[in-house]
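This report refers to the structure that appears directly beneath it.
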Amino acid sequence: MSKIEYLQHDGARVGYRDDGEGRPLVLVHGTGGDGEANFSGLMPYLSARRVIRPDYAGAVLTDDPATALTLDRLAGQVLAAVDHAGVESFDLLGFSLGAAVATRLAARQPARIERLILVGGFVSGADPRSQLQFLHWADLARRDPASLARLMLLTGFSRAFLAGVDDMESVVAEMVASSNWQGIARQAELDLQVDVSSDLADIRAHTLVLGNQQDQMVDPKASIALADGIGRTTLDWIDGPHLALMETPKLIVELLTRFFHD
């Protein structure tokens with residue numbers, strides 16, 4: 001079982017999971033996820049690393065009364081968790097909205113981050129489809145969480161993966177019961193405002209951008225835009241959906257391992 005730690009930072013009670021020993025790897029979750037839901041499948045394959053999984057505002061372990069979220073606020077919470085864990089230099093992986101948080105953090109803390117991995121990330125949420133999606137997420141999170149849970153399953157996982165789920169409504173019920181839906185609404189509203197275009201040139205870490213070729217939540221071309229804007233970058237592809245890191249975690253770790261040993 002993970003060690004869970006808490007700290008006070010800028011008016012919020014921030015929680016994070018801390019596992020293992022070795023070179024620190026910080027994992028930053030996406031909208032509607034948390035450090036456990038998004039990354040638990042990776043953990044059996046990361047036994048040689050110390051893995052720190054902060055929950056930023058809107059997720060389960062963190063209580064933040066702020067009504068509106070910003071990338072700077074979430075990046076500050078992630079960094080505060082890392083500092084509380086006593087870590088100076090680390091590798092950093094961000095997924096989806098977490099990729100934007102990680103991008104901002106890597107741009108602002110270039111001396112502390114050696115390697116950066118951005119999975120299913122995007123430069124901006126300003127395009128019409130993203131605006132439609134994130135507005136819909138925020139609306140459903142506040143008034144119909146079960147419908148949002150079903151929508152996220154439908155668009156986040158592959159057809160083959162969902163075909164293997166025996167009791168889908170039990171999965172939906174668990175998502176509804178275990179998630180902070182008002183927090184998810186605030187995260188979706190932040191997705192609408194994301195723009196890390198000015199951060200990309202300031203990143204100094206050796207970077208791996210992983211795009212999901214079958215992504216229905218984030219345009220796969222967004223990964224190309226991220227890679228094009230960052231200096232030392234490798235762009236690689238997962239033949240899977242947006243939630244591939246949950247659907248095929250072993251494959252993701254194989255790509256990470258290869259990158260860490262380049």
Among Leu251, Ile252, Leu256, Ile238, which one satisfies side-chain contact (heavy atoms from CB on, under 4.5 Å) with Leu245?
Ile252
Reference residue Asp91; test salt bridge (Lys or Arg N to Asp or Glu O under 4.0 Å); the match among Arg49, Arg112, Arg50, Arg115
Arg49
Passes salt bridge (Lys or Arg N to Asp or Glu O under 4.0 Å), Asp202 versus Arg108? Steps please.
CA-CA 8 Å; Asp202 294 329; Arg108 301 287 172 84; over 6 Å; no
Are there over 12 heavy-atom neighbours, none belonging to Gln8, within less than 6.0 Å of that residue's CD?
yes
Using modelled atom types and a 3.5 Å cut-off, is there a donor and acceptor pairing between side-chain atoms of Gln193 and backbone atoms of Thr70?
no
Give a yes or no on whether the backbone of Pro220 and the side-chain of Asp215 come within a donor-acceptor separation of less than 3.5 Å.
no
Expected output: side-chain Thr155 to main-chain Met217 donor-acceptor under 3.5 Å
no
For the residue pair Asp34 and Arg53, establish whether any side-chain heavy-atom pair is separated by less than 4.5 Å.
no
Do Leu61 and Leu79 share a hydrophobic cluster (ILVMFWY, side-chain heavy atoms under 4.5 Å, transitive)?
no
Return the set of residues passing salt bridge (charged side-chain N to carboxylate O under 4.0 Å, His left out) with Arg73 (not counting sequence neighbours), or none when no residue passes.
Asp10, Asp64
Please determine, by modelled atom types, if Ser158 and Glu247 share a side-chain donor-acceptor pair under 3.5 angstrom.
yes
Member of Ile230, Leu208, Leu210, Leu93 meeting the side-chain contact (heavy atoms from CB on, under 4.5 Å) criterion with Leu118:
Ile230
To the nearest 0.5 Å, what is the distance between CZ (Arg129) and CG (Asp127)?
8.5 Å
Got Glu114 and Phe260 here, is their nearest side-chain heavy-atom distance under 4.5 Å?
no
Any sub-3.5 Å donor-acceptor pair from Ser2's side-chain atoms to Asp18's backbone N or O?
no
With sequence neighbours left out, the residues meeting ring pair (Phe, Tyr, Trp, His ring centres under 6.0 Å) with Phe161 are Phe157
